[in-house]
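Okay, so here's the structure we're looking at.
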Protein chains: 2
Amino acid sequence: MADDRELLCLSDSMEEEDDTDTDQWKNEGMKKNDPPSHDDSITKVAASVQSGVSEVQAEDGPDGCIPSFSRDSGDEESIEKVGNSIFYVDNQQESPSDENRGQLNMLSAAYESLDYDTCVNAAWLDEERTKGYTFVVKKDVARWLVVLMTAVLTALVACAIDITIEVLSKFKYTWLKTYTDYGVEQEALIIPYLLWVALNIGPTLVAAFLGSYIEPEAAGSGIPQVKCYLNGVKVPRVVRIKTLVAKAAGVTMSVLGGLAVGKEGPMIHSGAVIAAGVSQGKTTSLNHDFGFFEYFREDHEKRDFVSAGAAAGVAAAFGAPVGGVLFSLEEGASFWNQALTWRVFFGAMMSAFTLNLVLSAYNGVPGKLTYNGLLNFGKFEDLTYEIWEFIPFLLMGVMGGLLGALYNFINFKLTALRMRYITKPWQKIAEAVLVATTTASVAFLMIYGLEDCRKIEPKPEEGPNDRFPIQMFCNDGEESAVAAIWFQTPEKSVRSLLHDPSKSFEWVTLSVFFVCYFFLACWTYGLGIPSGLFIPTLLCGAAWGRLTGKLMTLLFPGHSWLNEGKYALVGAGAMLGGVVRMTISLTVILMECVGNITFGLPLMIVLMVAKWVGDFFNEGIYDMHIQMQGVPIMGWDAPPLSNNIYASEVLNRPVVTLRTVEKVGRIVGILKSCTYNGFPVVDSIPTAEEARNFKSYGTLRGTILRSQLTVLLKHKVFNENAQVWENSKVDIHLFRQSYPRFYTLREVDLTDDDLECTIDLRPFHNPSPYSVVSCTSLPRIFNLFRALGLRHLVVVNDSNEVVGMVTRKDLVKYRIWKHRGQMGLEELVIYGSVR
Amino acid sequence: MADDRELLCLSDSMEEEDDTDTDQWKNEGMKKNDPPSHDDSITKVAASVQSGVSEVQAEDGPDGCIPSFSRDSGDEESIEKVGNSIFYVDNQQESPSDENRGQLNMLSAAYESLDYDTCVNAAWLDEERTKGYTFVVKKDVARWLVVLMTAVLTALVACAIDITIEVLSKFKYTWLKTYTDYGVEQEALIIPYLLWVALNIGPTLVAAFLGSYIEPEAAGSGIPQVKCYLNGVKVPRVVRIKTLVAKAAGVTMSVLGGLAVGKEGPMIHSGAVIAAGVSQGKTTSLNHDFGFFEYFREDHEKRDFVSAGAAAGVAAAFGAPVGGVLFSLEEGASFWNQALTWRVFFGAMMSAFTLNLVLSAYNGVPGKLTYNGLLNFGKFEDLTYEIWEFIPFLLMGVMGGLLGALYNFINFKLTALRMRYITKPWQKIAEAVLVATTTASVAFLMIYGLEDCRKIEPKPEEGPNDRFPIQMFCNDGEESAVAAIWFQTPEKSVRSLLHDPSKSFEWVTLSVFFVCYFFLACWTYGLGIPSGLFIPTLLCGAAWGRLTGKLMTLLFPGHSWLNEGKYALVGAGAMLGGVVRMTISLTVILMECVGNITFGLPLMIVLMVAKWVGDFFNEGIYDMHIQMQGVPIMGWDAPPLSNNIYASEVLNRPVVTLRTVEKVGRIVGILKSCTYNGFPVVDSIPTAEEARNFKSYGTLRGTILRSQLTVLLKHKVFNENAQVWENSKVDIHLFRQSYPRFYTLREVDLTDDDLECTIDLRPFHNPSPYSVVSCTSLPRIFNLFRALGLRHLVVVNDSNEVVGMVTRKDLVKYRIWKHRGQMGLEELVIYGSVR
């Protein structure tokens with residue numbers, strides 16, 4: 001912990017959602033128009049670092065903020081850098097030193113929390129009183145409408161991506177096939193090889209450009225980001241329209257670039273973005289406010305819609321509406337209720353239905369409704385199993401867990417390297433190009449080097465133009481089985497491995513393909529391109545699953561039910577389970593992909609074993625990436641055996657408090673010098689001396705947020721000019737207007753006279769904040785946070801006097817680890833600046 | 001509101017779980033060994049009734065309890081009566097006056113809450129410190145074991161019920177068929193009629209006896225009880241072994257008695273009982289303590305297992321593991337987390353699997369695993385739909401909603417009558433016999449009166465002895481289609497209606513059957529017998545659904561995909577949705593029963609419309625029965641527009657508080673005279689005068705439960721004999737031993753000397769109870785209760801001094817109603833006695 005002032009930033013920080021320029025301004029602004037005289041009540045205090053679990057070393061002082069004007073320039077530089085820690089990219093703004101990047105035991109202070117707690121203040125009550133039940137009904141109807149629109153739009157985006165990929169890849173592979181056949185004829189295989197490399201590099205470049213320069217948040221699968229958002233962390237830019245466009249276009253290009261990527265994760269992310277966009281009735285990217293659904297402009301409402309959007313995304317991606325609901329549930333169930341679940345389910349159903357409708361119309365069978373999702377495992381004719389087959393299934397589960405753990409380990413090391421050395425956008429693009437070239441080379445070498453010929457058998461479900469049989473060195477009427485895997489999109493390869501008749505692939509083909517693809521997929525995930533993880537993992541798993549199937553047929557010959565496809569399916573499930581470690585939602589998604597309920601039990605057992613085995617070694621890949629980014633994500637439960645950690649050890653001191661009627665000058669000073677987002681409102685502020693002696697900061701009356709204060713300042717709701725604003729509307733509307741990116745201080749024009757005015761905070765503060773006494777144990781605080789979605793919690797003493805504040809990071813930093821049979825509690829290091 | 005002392009019982013009451021005898025004792029005990037001198041600090045105060053929403057009329061006084069010895073005998077009688085309000089039966093112990101019985105706007109004060117909040121006191125911490133991580137792992141493994149055992153046992157019970165019904169009903173119908181054929185031949189139809197009546201009455205008598213005399217809690221479907229339990233209400237005797245036995249045997253007999261009942265609801269209840277039994281490692285019914293899983297003896301843990309058991313029950317009943325998980329979720333999601341969901345899903349899967357295994361072995365195809373659940377809709381060969389079919393589906397949804405609302409309305413009226421006039425067990429039995437006779441008569445009359453002959457076509461899936469074709473007045477080689485519906489268990493009738501080829505049934509057959517069965521089912525539900533609701537409702541729906549299908553074929557002839565079975569399925573779904581109004585879980589259960597994912601959307605739409613239409617008129621049937629019983633069940637959200645109701649209006653005053661070090665005499669006095677279950681612990685108790693002036697009852701230090709106090713008294717953990725117990729173990733174990741039925745005062749032997757001793761409550765009280773200030777709005781309190789599963793919440797003033805207590809009933813009494821386009825807030829009447 002290099003920075004002495006870390007404690008100060010444990011509170012949620014950042015007043016803007018994300019923009020760096022405004023951050024930068026903040027310091028300038030302080031220098032410009034802010035003579036120290038206005039901040040007379042602010043004194044510089046040094047807070048010590050809270051290093052041990054068992055004792056608190058916080059020093060006392062009435063105000064815990066360091067006025068920026070007293071900092072040296074080195075500090076200011078670090079301020080400019082932080083606050084934009086995002087996924088995979090953009091690490092110029094990361095603050096941990098190079099050697100600390102990519103570790104698992106760090107928490108970034110830059111992430112803010114979402115606030116699900118409604119601030120029931122007088123202004124809010126006024127609205128409720130005037131609106132009445134009609135408004136309740138209207139809001140309810142609007143909710144259904146938003147979910148419906150989200151679902152339809154998500155499905156349409158999914159269709160657009162799917163159809164574009166299909167059309168363009170048909171071009172690509174037709175072209176490639178022509179030149180390959182020509183190259184084989186002319187014995188100049190370098191021509192198709194170079195063409196292939198070029199055709200891979202082209203789209204990859206576009207994808208990498210979108211994922212590095214245009215919108216770094218669009219890189220990666222999107223599932224970790226959505227997971228963080230649903231968990232209550234404000235991940236900057238994650239639900240922007242710009243992100244959606246970059247993601248949708250980028251993933252199309254990634255898949256087209258022949259990389260080992262899928263489009264399912266990005267679909268889920270797209271659904272989330274669409275939901276956020278539709279529900280807010282305005283877009284930040286296009287800077288337009290449509291003005292409707294204004295009443296949904298609360299973190300609380302927005303998050304509910306995002307969970308519906310994510311479910312719709314899953315439904316569209318996998319044709320798994322129930323799985324989608326369970327996905328949303330598994331990732332963010334703490335704020336769940338029946339009406340919401342039902343709406344989310346409706347959205348998921350409508351999304352699957354719309355996709356089905358559009359795709360069947362596109363494929364010339366309108367109304368036939370057989371295109372359930374983008375990823376379809378196809379129809380298994382007779383997917384039964386014998387009871388003793390649980391033995392191989394269990395072993396495959398173990399195998400999946402081991403391979404998954406290996407995959408995650410390699411990817412972890414790679415990502416750590418990337419976070420340290422591949423930080424510039426151009427470096428990311430270069431890496432993506434390298435991967436694209438390698439993929440093409442490996443594929444080409446495999447096709448060239450392995451001889452695995454088989455008869456060309458037309459598949460009933462495919463049209464004549466859907467396949468590109470490559471003869472290579474095979475006899476006439478035969479095709480290269482290796483080329484058959486490579487000359488199609490990964491989804492189709494999965495389906496081939498699951499459904500091609502037994503003996504379609506040779507041992508060596510599958511083995512070499514598995515090894516190559518495993519490492520390629522591992523390398524690809526985490527590149528600065530939009531890319532899903534599901535398909536490549538399923539493909540790896542299907543490959544070794546099919547190998548297992550071949551082994552089984554060898555060991556137990558003559559059993560008709562021993563088909564290789566079934567084992568490929570189990571292998572795919574095991575591998576995916578070993579990598580992502582999701583539980584019930586993954587099982588149900590796979591069940592729905594297979595379209596078979598009886599086969600649910602084996603799938604579940606395999607996933608469970610894979611998860612257990614994998615968890616023995618490391619975390620799931622999404623959690624790993626989240627941890628590497630230092631996102632303070634909350635688990636389901638407090639760590640076990642943490643009941644002897646008390647609020648008094650967890651809390652942050654000193655606390656900056658405001659009076660119920662406060663001077664504007666002091667508020668401005670605090671907002672400028674301080675990075676806290678929530679301030680307790682107290683009767684009267686004790687002197688520094690008193691605070692030191694009694695270790696309290698005044699009797700708690702309420703809490704007020706930074707965002708509310710800026711709105712009050714912006715609209716000059718001062719007691720002194722009451723006659724001005726009393727007739728105009730000072731209501732909850734004012735606060736909603738600026739959601740989610742509230743005013744910065746720069747947008748507030750205050751004269752010197754204004755600074756002498758006072759604000760009565762009582763109509764606007766939250767008069768009944770949740771609070772706990774200082775002997776409350778960590779799990780009780782954790783449950784409060786988790787169940788109510790809190791952002792701040794006030795810790796009081798026996799006389800209801802404020803003694804400290806607790807935020808998400810203070811709780812998340814206590815983490816339990818369980819690996820290799822060991823278990824323990826670790827305390828994470830929080831990095832980041834004072835902001 | 002006849003009773004002035006109602007306010008006093010708003011706090012949770014009753015120290016025993018359920019037993020009437022101990023209740024009775026309580027008054028005797030007070031008279032026996034409790035001279036008024038010991039209760040010097042207790043004064044009789046009269047609490048007024050809090051009738052308005054907007055103002056509090058509570059009177060102040062330091063102690064709010066009425067010493068029982070100062071009551072007149074009339075009061076004592078009323079005490080003996082209450083506390084055992086249960087479902088449908090046993091209403092000698094009901095307290096509302098006759099004319100108030102069976103209303104919807106009443107809450108019974110007799111129901112206690114479960115307590116999901118762990119009391120983290122010093123004793124508890126001691127255990128945590130000594131046990132360490134090994135214990136954490138052990139507990140986790142034990143949880144999986146318990147779930148596995150629950151699942152397997154639930155499935156076995158389900159199999160036992162199913163197989164018994166199958167074997168015995170085969171006897172019954174074989175016999176009946178023989179005599180019917182004989183009767184037709186001899187033109188003496190009175191013989192088969194009388195035989196039928198007798199065969200119906202016999203088993204019904206057994207079922208009614210079990211459901212009235214043996215265990216009244218076993219009557220009904222069990223779903224409302226499980227729902228209440230998962231919601232956090234302590235329904236007496238609902239998870240006892242005795243209830244399980246009565247329920248399992250009873251439902252077998254009910255079905256065998258030919259009544260319009262199903263066995264699915266009771267299966268879910270059975271799962272819940274099994275889970276509670278297995279997890280506690282002891283049985284109250286058999287009075288045996290196996291001693292294992294002692295650490296699961298907390299409301300919190302027990303409830304988690306019960307939700308797993310309920311899910312296992314659904315999985316066994318419908319072959320719907322995912323539906324089972326969603327059922328548990330829909331009924332009690334507030335305490336849900338990922339690990340628990342995963343375990344519940346595992347249990348559901350294992351239950352479905354075990355059932356499948358046993359049933360396939362029983363049916364001679366071991367290992368074939370095609371018997372997914374007790375209720376199986378059978379395999380639909382080609383269940384596709386055209387897009388325009390949504391129009392009839394929507395109309396059927398409306399129809400289902402209307403019929404469901406009618407069904408619920410009739411049943412509501414009937415139940416109200418039952419609650420008033422059919423109160424004695426013998427009356428219940430007589431009614432059951434009457435219904436059994438009527439059912440037989442209606443069936444017989446239908447077979448006799450309607451001529452609907454069809455060829456006997458063997459079904460491939462049925463063996464030669466599975467059908468009982470009744471020729472009646474048909475030609476040779478033909479059977480009566482009417483008899484075909486009646487001469488089998490209702491499940492099989494459902495399957496016939498869904499799968500029999502088109503034109504198997506005449507218009508008139510279906511119409512008459514629907515009308516008769518509708519009223520029979522409506523009459524049957526709520527009888528004092530164990531009986532499920534799903535099957536009869538599905539059967540009604542399938543009947544009119546098939547009628548719709550016939551209509552469609554008539555209107556649009558020549559469409560091959562227009563099969564009657566599909567419409568029967570949609571009708572069945574619509575009807576069930578209209579009656580029970582469940583949402584996502586019902587959809588998924590039906591999807592899993594059908595085994596088809598594509599058909600999920602129409603099912604969902606139909607269920608949604610049916611729910612909306614039905615909700616326009618009244619509540620779902622389960623909720624209606626719960627409300628009629630006055631169970632304080634918590635909704636998902638606080639009523640809308642209730643933000644202007646503050647804690648100060650909701651709370652209960654006066655509050656009985658205890659000192660941190662308290663005299664035994666005073667504790668005993670309070671426990672005897674008072675019915676509260678939780679007591680705030682305060683520094684020092686203000687005098688009556690002070691309390692009246694400052695409206696507070698001392699500075700909050702913690703809370704302690706009645707159950708904890710009795711344990712302390714029982715083991716004489718007094719300061720004065722510290723040397724006696726200090727060496728023995730005074731730890732958390734003591735408190736677990738007596739769970740869930742803690743000691744009554746009678747079991748505590750105290751001498752006069754003991755009463756002069758003192759107890760230090762500090763190591764045992766909860767030092768950090770959740771508390772809110774008195775200006776907290778209702779929704780915020782509601783969220784706390786709902787999300788954390790609280791039982792008591794302390795309301796404090798700005799100086800952390802106790803001003804009141806809030807319990808579940810105080811929140812639940814504010815209820816929103818929305819019917820016929822109107823919406824409003826009603827305040828329920830709380831009845832019941834002081835206890």
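The chains referred to below are lettered A, B, ... by the order of the sequence lines, with proteins before strands, and numbering in each begins at 1.
Heavy-atom pairs under 4.5 Å with chain A were tallied for B:Val136, B:Leu601, B:Ile816, B:Val773; the largest tally goes to B:Leu601. Taking A:Leu700, A:Asn766, A:Val588 one by one and counting their heavy-atom pairs under 4.5 Å with chain B, the maximum is reached by A:Asn766. Top candidate by heavy-atom pairs under 4.5 Å with chain A, chosen from B:Leu641, B:Val322, B:Asn783, is B:Leu641. Of the listed residues (A:Thr134, A:Thr776, A:Asn800, A:Asn643), the one with the most heavy-atom contacts under 4.5 Å to chain B is A:Asn643.
In this structure, the portion of B:Pro769 lying under 4.5 Å from any heavy atom of chain A is its backbone and not its side chain. If you measure heavy-atom distances from A:Thr587 to chain B, the contacts under 4.5 Å come from the side chain alone. In this structure, chain B has no heavy atom under 4.5 Å from any part of A:Asp683. Contacts of A:Val137 with chain B are made by side-chain atoms alone, with heavy-atom separations under 4.5 Å and no backbone atom involved. Contacts between A:Thr583 and chain B at a heavy-atom distance below 4.5 Å involve backbone atoms as well as side-chain atoms. Residue A:Phe135 does not touch chain B at all, counting heavy-atom pairs closer than 4.5 Å. For a residue to count as touching a neighbouring chain, one of its non-hydrogen atoms must lie under 4.5 Å from one of that chain's; by this rule A:Leu326 touches chain B with the side chain only.
Considering all non-hydrogen atoms of both residues, A:Leu784 and B:Leu784 come closest at CD2-CD2, 3.7 Å. Contact record, A:Leu793 with A:Phe785: CB-CE1, 3.5 Å, taken as the closest heavy-atom pair.
The backbone N or O of A:Ser768 sits less than 3.5 Å from a side-chain atom of B:Arg780, completing a donor-acceptor pair. Side chain of A:Arg786 to main chain of A:Gly635: a donor-acceptor pair is present (N/O by atom type, distance under 3.5 Å, no hydrogens or angles). Between the side chain of B:Glu592 and the backbone N or O of B:Gly323, at least one donor-acceptor pair lies under 3.5 Å.
In this structure, A:Tyr385 has its ring center closer than 6.0 angstrom to the ring center of A:Phe390. Proximity of the aromatic rings of A:Trp612 and B:Trp144 is defined here by a centroid distance below 6.0 angstrom, and this criterion is met.
Under the salt bridge (Lys or Arg N to Asp or Glu O under 4.0 Å) criterion, B:Asp623 pairs with B:Lys227, not counting sequence neighbours.
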